[in-house]
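Chain A is the first sequence line, chain B the second, and so forth, proteins listed ahead of strands; every chain is numbered from 1. Excluded from the calculations below are hydrogen atoms, water molecules and symmetry mates; all remaining heavy atoms, backbone and side chain alike, are included.
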Amino acid sequence: MHEYFIQNISYHKDEVVKLKGWVYNLRKSGKIWFLILRDGTGIIQCVVTKNDCDEASFDLKDVLTQESSVMVTGKVIADERADGGYELIAHKVELVSIAGEYPITKKEHGIEFLMDQRHLWLRSKRQHAIMRIRHTIIKSIRTFFDQRDFTLVDTPIFQKGATEGTATLFETDYFDDKAYLTQSGQLYAEAAAMALGKVYCFGPTFRAEKSKTRRHLTEFWMVEPEMAYYDLDMDMDLAEDMISYIVAEVLMNRRLELETLERDITKLEAIQKPFPRIHYDDAIKLLQARGVDVQWGDDFGAPHETIIGEAHESPVMVHHYPSAIKAFYMKRDPADSKYALAVDMLAPEGYGEIIGGSQREDDYDLLVERMREEGMDPANYDWYLDLRRYGSVPHAGFGLGVERTVAWICGLSHIREAVPFPRTMSRLTP
RNA sequence: UCCGGAGUAGCUCAACGGCAGAGCGGGUGACUGUUAAUCACUAGGUUGGGAGUUCGAAUCUCUCCUCCGGAGCCA
């Protein structure tokens with residue numbers, strides 16, 4: 001059986017094909033009507049007249065509603081008047097199911113209403129384009145690691161305690177115990193890297209922070225590579241290669257979708273290696289030179305990240321943050337222990353931090369010392385400390401926020417559109 | 001948690017102390033090239049909840065609720 005899809009319709013010019021889909025829109029004009037058909041791969045205009053199709057099909061115009069499901073058989077022709085350049089001269093229209101009054105109309109809607117209708121909103125052109133770009137981003141990430149001989153290692157979602165002391169975790173009953181939903185697979189990825197060399201985990205991550213901004217979700221997807229025998233510079237090289245690859249793949253395979261989103265493609269085409277690498281000290285100087293009130297030792301807030309990111313066309317990597325504001329597992333610079341061998345990658349156009357990474361502390365004693373400084377009990381991390389007891393090596397890794405990357409590449413104003421069913425402080429349905 | 005903003009028809013909004021309205025969507029009808037088609041007619045309301053001021057409140061005051069944006073935190 002041959003299946004025909006709208007995205008490939010130009011290969012079937014002058015053929016009679018059968019398309020299966022949904023009514024995206026209807027325009028009736030007496031003895032001719034136009035059925036805008038959507039099949040999940042694209043949208044095409046079907047022209048229905050009594051000259052070309054049977055009467056029962058023609059009369060469906062009085063019955064069909066927006067989003068009713070139909071199958072249309074007809075001849076593919078090229079026509080300038082049709083959006084997309086091709087249209088279908090219908091020979092037969094078969095009704096599958098009549099849709100009730102569709103909540104999403106052709107006029108504008110508010111974001112809250114559309115999010116309530118998220119399960120239906122995904123059918124719209126714009127959301128369709130975002131989901132396909134998201135797919136390509138995820139696929140390109142997996143291909144990127146696969147081509148570099150990384151092994152995928154899935155890490156647990158139920159975890160005993162926090163990876164980083166500060167973040168608020170979702171707590172859940174675990175038989176007679178408590179468990180927390182993961183905020184990072186990193187510690188497990190480190191264990192896997194000692195077994196397999198180069199690994200990555202890719203899964204959902206949960207943060208119970210009461211954040212209400214366009215950059216935050218309570219549930220988001222994160223990809224975390226971890227590499228044995230990597231130092232900070234190699235870590236940054238990898239992050240830069242990965243982002244360049246993702247952007248190139250999207251530009252090559254999702255041009256139509258970027259155009260649907262009215263994304264300024266020149267901004268993406270400008271992403272070129274090498275990305276600027278700025279020492280934390282220089283980032284502070286850059287901010288101070290622009291009149292921002294920051295002192296050495298401060299962490300960067302969203303406005304700071306925006307200023308640093310906007311200074312360059314490509315993403316910027318800021319490295320050597322003060323260890324005091326970074327996580328316990330990040331290795332301190334042997335040359336000057338007040339710095340951590342850490343890096344954040346800031347996306348252009350104000351999209352902020354998309355990657356956070358570091359070389360890890362591989363010395364047992366220094367790691368225990370850092371845990372104690374953070375008020376952590378090393379006894380709770382005995383298995384993690386085993387990685388430093390048995391064949392410890394220099395290693396590094398980073399975490400990439402998938403939705404922030406999607407939001408940046410798509411040019412979205414809010415991260416909640418970057419995931420099919422977003423979870424935020426105030427949204428658990430649909 | 002803090003700061004700001006908003007809740008009026010199914011949806012998007014107007015009316016801002018004096019008869020609650022429009023567009024879209026729904027219904028009925030017209031139209032053989034429409035592009036969020038157009039045109040005519042039509043149905044559709046506990047103005048977020050509660051209290052107060054007033055001859056009179058969607059409008060002013062208080063309070064509660066919900067949502068949105070931002071900060072902090074982070075991917």
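With hydrogens and angles ignored, a donor-acceptor pair closer than 3.5 Å exists between the side chain of A:Ser211 and the base of B:C73. For A:Glu87 against B:G33, a side-chain N or O and a base N or O form a donor-acceptor pair under 3.5 Å. Taking 3.5 Å as the limit, the base of B:C74 and the side chain of A:Arg404 contain a donor-acceptor pair of atoms between them. For A:His216 against B:C74, a side-chain-to-base donor-acceptor contact under 3.5 Å is present.
In terms of phosphate contacts, A:His109 brings no side-chain nitrogen or oxygen within less than 4.0 Å of OP1 or OP2 of B:G25. In this model, the phosphate group of B:U32 is not approached by any side-chain N or O of A:Arg81 to a distance below 4.0 Å at OP1 or OP2. Between A:Ser426 and the phosphate of B:C68, there is a side-chain N or O to OP1/OP2 separation shorter than 4.0 Å. Contact between the side-chain N/O atoms of A:Arg416 and the OP1/OP2 oxygens of B:G69 is found at a separation under 4.0 Å.
Rounded to whole Å, the C1' atom of B:G10 lies 13 Å from the corresponding atom of B:A43. The gap from the C1' atom of B:C74 to that of B:C13 amounts to 37 Å, rounded to the nearest Å. Rounded to a whole angstrom, the distance from the C1' atom of B:C68 to that of B:C62 is 24 Å. Here, B:U12 and B:U8 have their P atoms 8 Å apart, quoted to the whole Å. The P atoms of B:C65 and B:G23 are separated by 38 Å, rounded to the nearest whole Å. For the P atoms, the distance linking B:G4 with B:G48 amounts to 22 Å, nearest Å. Between the C1' atoms of B:G45 and B:C19, the separation comes to 15 Å (whole Å). The P atoms of B:A57 and B:U38 are separated by 40 Å, rounded to the nearest whole Å.
As rounded to whole Å, 17 Å separates atom P of B:U34 from atom CG of A:Leu26. Note: CD (A:Glu353) to P (B:G72) measures 13 Å, nearest angstrom. Here B:U66 presents its P atom at 15 Å from CG of A:Leu428, a figure rounded to the nearest Å. The NZ atom of A:Lys212 sits 11 Å away from the C1' atom of B:G4 (whole-angstrom rounding). In this structure, A:Leu114 atom CG and B:C24 atom P are separated by 19 Å, rounded to whole Å. In this structure, CD1 of A:Ile415 is placed 11 Å from C1' of B:C74, rounded to the nearest angstrom. In this entry the distance linking CZ of A:Phe300 with C1' of B:G72 reads 16 Å, nearest Å. The interatomic distance linking A:Gln117 (CD) with B:G25 (C1') rounds to 13 Å, in whole Å.
Using a distance-only test at 3.5 Å, with no hydrogens or angles considered, a donor-acceptor pair links the side chain of A:Gln359 to the main chain of A:Leu232. Of the possible polar contacts, none joining the A:Lys18 side chain to the A:Val72 backbone as a donor-acceptor pair under 3.5 Å is found.
Counting non-hydrogen atoms under 4.0 angstrom, A:Gln45 reaches a base of the nucleic acid. Nucleic acid contact class of A:Ile355 (heavy atoms, under 4.0 Å, all strands): sugar-phosphate only. Note on A:Lys28: a base of the nucleic acid sits closer than 4.0 angstrom, heavy atoms only. Within 4.0 Å of A:Asp344, counting heavy atoms only, lies no atom of the nucleic acid at all. Here A:Gly352 lies out of heavy-atom contact (under 4.0 Å) with every strand.
The side chain of A:Glu101 has B:G25 as its nearest neighbour among B:G72, B:G25, B:G69. When each of B:G26, B:U1, B:G70 is scored by its nearest atom to the side-chain atoms of A:Lys210, the top-ranked nucleotide is B:U1. When the nucleotides B:C24, B:U12, B:C67 are ranked by their closest atom to the side chain of A:Thr105, B:C24 comes out on top. Closest to the side chain of A:Arg207, out of B:A75, B:C31, B:C11, is B:A75. With distances taken from any side-chain atom of A:Asp299 to the nucleotides B:C74, B:C31, B:G69, the minimum falls on B:C74. In the set B:C74, B:C67, B:G26, the nucleotide with an atom closest to the side chain of A:Glu305 is B:C74. Each of B:C74, B:A75, B:U32 was ranked by its minimum atom distance to the side chain of A:Arg215; first place goes to B:C74. Taking the side chain of A:Pro303 as heavy atoms from C-beta on, and the options B:A71, B:G33, B:U32, the nearest nucleotide is B:A71. Checking B:A71, B:C11, B:C31 against every side-chain atom of A:Ser29, the shortest atom distance belongs to B:C31. Taking only side-chain atoms of A:Arg27, from C-beta outward, the nucleotide of B:U34, B:G72, B:U12 with the closest atom is B:U34.
Aromatic ring orientation, A:Tyr245 versus A:Phe144: tilted (interplanar angle from 30° to 60°). The aromatic rings of A:Phe300 and A:Tyr280 sit parallel, their planes meeting at an angle under 30°, below the 60° perpendicular limit.
Side chain to side chain, A:Tyr329 and A:Gln186 meet the donor-acceptor criterion of an N or O pair below 3.5 Å. For the residue pair A:Arg254 / A:Thr136, a side-chain donor-acceptor distance below 3.5 Å is found, with atom types taken as modelled. Using a 3.5 Å distance cut-off with no hydrogens or angles, the side chains of A:Asp54 and A:Ser57 do pair a donor with an acceptor.
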Exercise for the section: Would you write the dot-bracket representation of RNA chain B, where each base gets (, ), [, ], | or . depending on whether it forms a Watson-Crick or G-U pair under 3.5 Å and with which partner? Expected result: (((((((..((((....[..)))).(((((.......))))).....(((((..]....))))))))))))....

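Of the candidates A:Ile138, A:Leu400, A:Asp154, A:Ile138 is the only one forming a side chain to side chain contact (heavy atoms under 4.5 Å, CB included) with A:Phe202. Checked against A:Asp237 for a salt bridge (charged side-chain N to carboxylate O under 4.0 Å, His left out), the options A:Arg148, A:Arg277, A:Lys273 give a single hit: A:Arg277.
For the pair A:Ile111 and A:Ile32, nearest-nucleotide mapping onto RNA chain B gives the more 5' position to A:Ile32. Residues A:Met425 and A:Leu400 both approach RNA chain B. Their nearest nucleotides, taken by heavy-atom distance, put A:Met425 toward the 5′ side.
A:Arg126 and A:Glu417 are joined by a salt bridge, as a carboxylate oxygen and a charged side-chain nitrogen come within less than 4.0 angstrom of each other.
Using a 5.5 Å limit on the distance between ring centres and a 30° limit on the angle between planes, the aromatic ring of A:Phe34 does not count as stacked on the six-membered base ring of B:G33.
The two residues A:Gly40 and A:His128 come nearest to each other via the heavy atoms O-NE2, 2.6 Å.
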